[in-house]
Amino acid sequence: MSRRTLARVALAGAAVLMLAGLSGCGSDDAGASVAVSSGTIGVAMPTTSSTRWVNDGDNMKKQFELLGYQTDVKFAEDDVKTQVAQIQGMIDEHAKALIVAAVDGTALTDVLAKAADADIPVIAYDRLIRDTANVSYYASFDNFRVGVLQAGYLARTLKLSSAPGPFTIELFAGDSKDNNAGFFFNGAMSVLKPYLRSGKLEVRSGQQSFARVTTAGWSGDVAQKRMTTLLGQDYTSTRLDAVLSPYDGISRSIIAALQKDGYGKKSKPLPAITGQDAELESVKDIAAGTQGETVYKDSRELAKVAVQMADSLISGNTPEVNDTKQYNNGVKDVPSFLLQPVSVDRTNYQTVLIDGGYYTADQIEG
Ligand code: GAL
């Protein structure tokens, strides 16, 4: 977010605090003082099974409260119907705005038509909402770049540009219903494709297309089963050198499958393996040397962007964006604010995550 926007959010926060201190109270019929709220923001998150979404929800709640809003934060536990019902509930309760990280980006068309009928603006959070005109703005990261960073780590670690190879690799992608999954995969393939074409990288399973490598529900269990099958089929006499994994929860399950297969010993080291979200468990694995890399996306910053967008819309202003072309949702180009992701591995987790205040050294190494 630009300095200007940050300053605006900070100023708005200060103004609200001042108002609360001076005159932010009304009085009820009996003359007792009651807090004045700017209204409730509905925040629909996909699941509590990944700590990142829990943190995203917490960060938004805190930041909205600083601006004088209340929040209704709901988690759908990866169930589409549950999420639709939760959003409907927020509309029924006259939410001032909706912030939605979709379980299925294509399944919200009907419920968001109702939000539009009720004049409630909708912000797609992290994941684009598809097939509807009724999404006002998109707050996310540069998702193509996430994949570029993941594959860049693999290329660096295997020294693909100079080492003779060939090296073996297996590819994993996220949930096909999540618009981000294709962006991550395409970003990664933009780096890996030349090496796959030249034969320096070999996918022994032959499973290389996005459709063949997606992971339903971003599920670690699904990924673990697939990794186990691949190891049994294609790597009984050849070593696996690298795994493109799109997300930390999947990476940890892939590592579990590899360890069961005997990887992780001096004589048979683990392949280079990527991830995403800088989840605490995975950052510990990076410090311990099992997972190679993760892509850090600061959820505090993403929350700031979404909060700024909602607050601007409610106040009749225009939210700041920095991209208007990259994200077409099938109906329109959705104006977006995209933050930059950061690749984190053993060499920089201390500077990025500990010095950056995301985790304490004790949490990671203690
Ligand atoms: C994606 C998100 C990733 C990761 C994944 C699984 O939409 O961009 O950061 O969290 O979902 O939850």
Side-chain angles (χ1 to χ4, degrees), residues 105 127-128 130 140-216 218 222-223 226-227 229-231 233-235 238-248 250-251 253-255 257-258 269-277 291-297 323 325-328 330 336 338 340-345:
R127 301 173 172 177
L128 186 62
R130 299 193 55 84
S140 191
F141 286 81
D142 182 338
N143 292 305
F144 187 88
R145 179 139 180 87
V146 169
V148 169
L149 292 177
Q150 291 168 334
Y153 168 80
L154 297 179
R156 266 197 324 277
T157 306
L158 299 181
K159 302 194 172 59
L160 288 180
S161 61
S162 57
F167 299 99
T168 55
I169 184 169
E170 289 296 332
L171 311 171
F172 285 73
D175 187 341
S176 60
K177 293 191 202 110
D178 180 342
N179 193 65
N180 286 351
F183 277 80
F184 301 150
F185 188 72
N186 290 340
M189 289 307 260
S190 72
V191 175
L192 299 178
K193 257 198 187 130
Y195 300 111
L196 290 164
R197 271 202 212 107
S198 72
K200 197 175 267 192
L201 273 181
E202 189 196 358
V203 179
R204 286 182 75 93
S205 70
Q207 299 175 8
Q208 278 196 50
S209 68
F210 178 66
R212 290 295 301 277
V213 304
T214 52
T215 309
W218 293 95
V222 170
R226 178 164 172 255
M227 186 76 259
T229 306
L230 297 180
L231 289 170
Q233 274 171 13
D234 302 301
Y235 297 93
T238 313
R239 199 191 116 72
L240 178 59
D241 298 313
V243 181
L244 173 73
S245 166
Y247 148 69
D248 288 347
I250 288 179
S251 315
S253 297
I254 290 172
I255 290 169
L258 287 159
L270 280 160
I273 174 161
T274 60
Q276 178 177 195
D277 284 353
Q291 186 171 323
E293 183 249 19
T294 187
V295 175
Y296 167 55
K297 304 192 306 190
D323 187 288
K325 292 271 168 287
Q326 223 190 123
Y327 285 98
N328 186 290
S336 313
L338 305 179
Q340 282 306 313
V342 178
S343 182
V344 168
D345 59 27

Backbone N or O of [Y] within a donor-acceptor pair of the [X] side chain at under 3.5 Å?
X: Ser140; Y: Leu338; answer: no
X: Asn143; Y: Phe141; answer: yes
X: Thr215; Y: Ala173; answer: yes
X: Asp241; Y: Thr168; answer: yes
X: Asp323; Y: Lys325; answer: yes

For the residue pair [X] and [Y], what are the closest heavy atoms and their distance?
X: Ile250; Y: Ala223; answer: CG2-CB, 3.6 Å
X: Pro341; Y: Val295; answer: CB-CG1, 3.5 Å
X: Glu293; Y: Ser343; answer: OE2-OG, 2.7 Å
X: Tyr235; Y: Ile169; answer: OH-O, 3.7 Å
X: Pro194; Y: Ser190; answer: CD-O, 4.0 Å

Check whether any side-chain heavy atom of [X] sits under 4.5 Å from a side-chain heavy atom of [Y], and report yes or no.
X: Asp142; Y: Gln340; answer: yes
X: Leu171; Y: Gln208; answer: yes
X: Leu230; Y: Arg226; answer: yes

Ring pair (Phe, Tyr, Trp, His ring centres under 6.0 Å) partners of residues 173-203, not counting sequence neighbours, each pair once: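 Every pair satisfying ring pair (Phe, Tyr, Trp, His ring centres under 6.0 Å) with a residue in residues 173-203: Phe183-Tyr327, Phe185-Phe210.
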
Quick one: list whatever passes salt bridge (Lys or Arg N to Asp or Glu O under 4.0 Å) with [X], sequence neighbours left out.
X: Asp277; result: Arg52
X: Asp234; result: none
X: Arg204; result: Glu202

Neighbour count >12 (heavy atoms, 6.0 Å) for atom NZ, Lys297: yes

Taking atom [atom1] of [X] and atom [atom2] of [Y], what is their separation to the nearest 0.5 Å?
X: Asp345; Y: Gln291; atom1: CG; atom2: CD; result: 11.0 Å
X: Leu258; Y: Leu270; atom1: CG; atom2: CG; result: 6.0 Å
X: Met227; Y: Ile255; atom1: CE; atom2: CD1; result: 11.5 Å
X: Phe172; Y: Thr214; atom1: CZ; atom2: OG1; result: 11.0 Å
X: Asp248; Y: Trp218; atom1: CG; atom2: CH2; result: 11.0 Å

Pairing residues for Ser245 by the side chain to side chain donor-acceptor pair (under 3.5 Å) criterion, not counting sequence neighbours: Ser251

Show which side-chain atoms of residues 144-166 pair as donor or acceptor with protein atoms under 3.5 Å away, not counting sequence neighbours.
unit_1 : atom_1 : unit_2 : atom_2 : d
Gln150 : NE2    : Pro246 : O      : 3.3
Gln150 : NE2    : Gly275 : O      : 2.9
Thr157 : OG1    : Tyr153 : O      : 2.7

Positive for side chain to side chain contact (heavy atoms under 4.5 Å, CB included) with Leu128, one of Asn328, Asp178, Asn179, Asn180: Asn179

Glu170 versus Ser205, side-chain donor and acceptor atoms under 3.5 Å: yes

